[in-house]
Structure formats: structure tokens, C-alpha cells
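Here the structure is laid out as C-alpha cells; the discussion comes afterwards.
Below, read A as the first sequence line, B as the second, and so on, with proteins coming before strands; counting in each chain starts at 1. The model shown is predicted, which means the values in this text are computed figures rather than measured ones.
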There are 2 protein chains.
Amino acid sequence: MAATRTRRTERRENPLSRERIVEAAIELLDAAGEGGLTFRALAERLATGPGAIYWHVTGKDELLHAATDAVVAAAVPPAPAGTAPRDAVRAVALGVFDAIDAHPWVGAQLARSAMDAPILRIFERLGRQVQALGVPRAVRFTAASALLNYVVGVAGQNAANARAVEAGTDRTEFLTRMAAAWTELDPEEYPFVREVAGDLPHHDDRVEFLAGIDLILTGIAPRERPADPPSA
Amino acid sequence: MAATRTRRTERRENPLSRERIVEAAIELLDAAGEGGLTFRALAERLATGPGAIYWHVTGKDELLHAATDAVVAAAVPPAPAGTAPRDAVRAVALGVFDAIDAHPWVGAQLARSAMDAPILRIFERLGRQVQALGVPRAVRFTAASALLNYVVGVAGQNAANARAVEAGTDRTEFLTRMAAAWTELDPEEYPFVREVAGDLPHHDDRVEFLAGIDLILTGIAPRERPADPPSA
DNA sequence: ACCTGAACACCGTTCAAGT
DNA sequence: ACCTGAACACCGTTCAAGT
């Protein structure tokens, strides 16, 4: 019934709001990529002048920040109670990974973000699981940071790849071309890169990403903790 | 004697060259930060018009790429023969870390770089040591990628922090203020971040960074490989 | 071949003026 | 209080014209 009442103010309904602006910004970024977010384009989409947006938002940085935070918040839900810590870490990481897959600009943004809202959300979720893993207080920060930095590193990398592919090329075609380029590198200078070039086209990014997470998890807390030996 | 001959062409000595342009770009980036690199500022420093630069460089992206590559190449020298693989990995990582410390814009650039020259240099160095560590062929790519992504993640983070600090604030003052902000977060939503906030001001970035590297190294290959048990 | 610098097409942001 | 849109101060890049 509140809905019916709304009809009264028919004209000039849809007032500007921070929420609507951020929403439109996300749509623009998704549709047109990182360069697509423009105050003019945004104003047009919201049927106003560019100046109007500044009433609700301090500038482009804040807008980008808010857009990123909205996506990350939706992507990293609290772990369902009873999840094993390792699985919970993987779930958080995958949540971020998939969000970046859907919104490559988020990856670029996370990779250049300081320790504020969007990053802190991820750090918190990872940290809680590190604690649940039984990591001693003194090294929890280090362990959680390692996971965070890895996730954020992959985020930037994926964003860069998405930018590079956007020529409408097929994904495996892109990887195959990259592998070919690697094979042409100087054998003296790039023996390792040349050797692994062949792996490139067969790799599943998601699997590869999770394998990295598992590597760090193993470093943080070895799989099966053997009973403490009877002291030294 | 070649030097004396040079005097002949006194006027209009110092011809433009890709090398000089990249060098000037690096100076500009170091002095004025990421926003300081402008074709106009660069042209002024080189005593030409902006258009002249385009004869030697295709555009700003290539320029930024070349500048980053120059810094990274200098920062990641080949490991001296006989270095233990773990130490060599640490040396590579620290080389990148210190380069970013000296040139924060490099961190931002690496964090958003695809797998081309600058990143490949680092990947190659890390990969060789992964191999030296005895990691089986099939998982070398994964192991080297994990190290690379971590390093690149820290790179982006440090660049962001450098940007945040540039208000001339002292470093520990900056950390103390951040810790204070973390402590004011909602206890329901950010228990972990609040708990570790106190660690922040005491942390040494470099030590913290290396600890993360060690975590991954442990995950890649456990410290002391016990002799293989007599098969299953 | 290489340089010059005005001009073009765009930005983010501001601000007087409106309602 | 909120919106409008012209104007300002910048960009990267191009290009006719020079040497």
C-alpha cells in the first residue's frame, strides 16, 4: 500500500541518490570497462548534468571505491557456520575470484587499493579462518596478509588479462598466442618461461588459483599436525 | 678521442632518443609521482614539443611499460651462482620490494601488468629457483605463479600505501592512525581486524613481506625433506 | 628522418544560477 | 536542499608544417 501512495509524485520521481549513482556506475563499468566510467556518461545515464553527481559523491575516487566495495561486499558473504577453515578460506578466495571474473575492473581496483573498506572485508574473512585454523596469535597477521596479498595479486593479473583479451578473442586462443610468444624468447635469458610455456593453454585459471591458495595454506599450517614430539 | 670529435656538432647535441625519453620519464615519475608523467611536462624537460616524443614511443602506455621494465631489470639481477634456492627467491623478492620502495609507481604498474616483459623477468627468476628447489615439473608453474602473485600483490599494496602517506606524514604516525581507525570498526563485523590492529605500528614491512615469502616456500617444499618412506 | 607546436577531442571538477 | 550545464584547467594524441 505504500507502493500505491508513491504514484502521487509521478513527475520527477527517481531522485538522485548515492545508491542510484553507484549502481549506475557499476553498470557503466561492466558495460564499457574501466575507461567507461565518465561523469558525463554517468550523468547522461542518470538524466542530469555532471555537476549533480558531485552533490552526492565527493569525486571519482570515492565513486570507484564505493562501486568496488558494493561488488566485494556481495561477493564475500560470511562463511556458513560449521565450515572447515580451509574450505572457508577457499570460499572467500573464490568469491573474490568470481567477482573479478564478472567485473574485471574490480580486480584492477583491488590491486591498487590501500587497506580500506573493500580490502578490509576480505582481510577480515581470511583472518577469521586463519584464527580458526589454530594459527598462534603472533603470526595471524602475517598469515592473513599472505593470503590477502596473493588474492589481490591474482586480482590485478586477471584484470590485466581481461584488458588484453578484450579484442573479442577467444580465451584459449589468447593463451595459445601467449604460449607461442613465450617460446620465442631468448633461451639464454628465459629458460624457465620457455619450458612452462606449453602448460599455458591447458591451465584452468580457477584451479591454478586455488592451488596457490592451498600452497599458502600448507605453509600456514601443515595438513595433519603430528603430535608434538616429547620436547627437545 | 671520440669525445673531442663530439664538440663539432655543439648546437643541437642531445638528440632525442627512446633511451633519453624513458630516463626522463623515470625521473619525472620519481619526483612527481604517478600523476607527474605528462607529455607536456616530459616535453618541457626534454626541451621539445609533446609531438616529438611520439616519434620514438607509440604512446603513454608504452612509455610507462618501458620505464617499469628499466627499473625492474635493474632491480632483479641474476642470482650469483651457488646461492641456495630459498635465498635466491628471497633475493629476487627483496629486489622487487626495494625497487618499489624507491619507485612506488613501479608497484602500481606491476600490479596492473599483464604477463609481459617486466613481470616475465620476475617470473623467470622465481621459476628457476623453484626448479632448483626440486619441485616436480608438473607443479612448477603453479609454485612460481604463487610466488609471483604474492610479490605483485604486495607491490600494489605498497604503492597504495605510498600514495596514502604522501601527505608528508611520518610512517609510524601513518600506521598508528590506521590502527586507531581499525579499532573503531564494528566489533560484530570486524573482530579479527580489530584484534590485530595493535600489531600494525610495530610491524616492519620488509620482515612481514619476507615472512609471507617463507610461508609460500614452506608450502612449495617442506623445509627438510624426510627420506622417502619405503613405498606404500 | 626528425622535430615543432597548434589544434582536437576528451577528461574531472567547479560554480553561478536556477528551483 | 538539490539540480543544471556552461566553463575551467587540464589531459593524450594527431598532424600539417617545417628543417
Side-chain angles (χ1 to χ4, degrees), chain A residues 6 8-29 31-68 105 108-109 112-113 160 163-164 166, chain B residues 6 8-29 31-68 105 108-109 112-113 160 163-164 166:
Chain A
T6 302
R8 279 262 302 291
T9 3
E10 203 59 42
R11 214 78 280 263
R12 190 67 313 207
E13 200 50 25
N14 258 19
L16 231 40
S17 72
R18 209 185 126 90
E19 222 175 32
R20 273 192 68 221
I21 292 173
V22 171
E23 195 181 326
I26 292 176
E27 288 169 17
L28 219 44
L29 286 162
E34 308 182 40
L37 181 60
T38 282
F39 274 84
R40 276 166 250 260
L42 194 56
E44 193 186 11
R45 194 185 196 94
L46 293 167
T48 16
I53 299 168
Y54 282 87
W55 183 262
H56 300 92
V57 153
T58 59
K60 194 173 186 181
D61 282 346
E62 187 192 321
L63 188 51
L64 222 37
H65 186 275
T68 304
W105 53 274
Q109 202 54 28
R112 48 173 285 124
S113 277
R163 241 187 332 263
E166 79 182 325
Chain B
T6 303
R8 278 260 303 291
T9 2
E10 205 56 45
R11 214 77 280 267
R12 189 69 313 206
E13 198 51 25
N14 257 17
L16 232 40
S17 72
R18 207 186 129 92
E19 223 175 32
R20 274 192 67 222
I21 292 173
V22 171
E23 195 182 326
I26 292 175
E27 286 169 18
L28 219 44
L29 285 161
E34 307 181 39
L37 180 60
T38 283
F39 274 82
R40 275 165 251 259
L42 195 55
E44 193 186 12
R45 194 186 197 93
L46 293 167
T48 16
I53 298 167
Y54 283 88
W55 183 262
H56 300 92
V57 151
T58 59
K60 193 172 188 184
D61 282 346
E62 187 193 322
L63 188 50
L64 222 36
H65 186 275
T68 304
W105 54 273
Q109 202 54 28
R112 48 173 283 123
S113 278
R163 240 187 334 262
E166 79 182 325

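- Within 6.0 Å of CD on B:Glu62 lie more than 12 heavy atoms contributed by other residues, nucleotides or ligands.
- To the nearest 0.5 Å, the span separating CG on B:Leu46 from CG on B:Leu28 amounts to 9.0 Å.
- Counting only heavy atoms from C-beta outward, the side chains of B:Trp105 and B:Ile26 approach each other to under 4.5 Å.
- How far CZ of B:Phe39 is from CD of B:Glu44: 15.5 Å, rounded to the nearest 0.5 Å.
- For B:Leu46 and C:dC2, the CG to P distance is 16 Å, given to the nearest whole Å.
- A salt bridge (charged side-chain N to carboxylate O under 4.0 Å, His left out) check over residues 33-42 of chain B, counting only residues at least two apart or in different chains, returns the pairs B:Glu34-B:Arg163.
- Here the straight-line distance linking atom CG of B:Leu63 with atom CG of B:Leu37 works out to 5.5 Å at 0.5 Å rounding.
- Rounded to whole Å, atom P of D:dC11 lies 11 Å from atom CD of B:Glu44.
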Watson-Crick or G-U pairs under 3.5 Å in DNA chain D, rendered as dot-bracket with [ ] for crossing pairs and | for another strand: ||.|||||...|||||.||

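- Judged by distance alone, the side chain of A:Thr38 and the main-chain N or O of A:Ala41 form no donor-acceptor pair under 3.5 Å.
- Taking atom CD on B:Glu34 and atom C1' on D:dC11, their separation rounds to 16 Å, with Å as the unit.
- Between B:His56 and the phosphate of C:dC3, there is a side-chain N or O to OP1/OP2 separation shorter than 4.0 Å.
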Treating primed atoms plus P, OP1 and OP2 as sugar-phosphate and everything else as base, which nucleotides of nucleotides 12-19 of chain D get B, S or - for protein heavy atoms under 4.0 Å? BBBB----

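- For the pair A:Trp55 CH2 and D:dC2 P, the interatomic distance rounds to 6 Å; values are reported in whole Å.
- Separation of atoms CZ (A:Arg45) and CD1 (A:Ile21) is listed at 13.5 Å; rounding is to 0.5 Å.
- Per the geometry, CG belonging to A:Leu64 stands 15 Å off P belonging to C:dC11, to the nearest Å.
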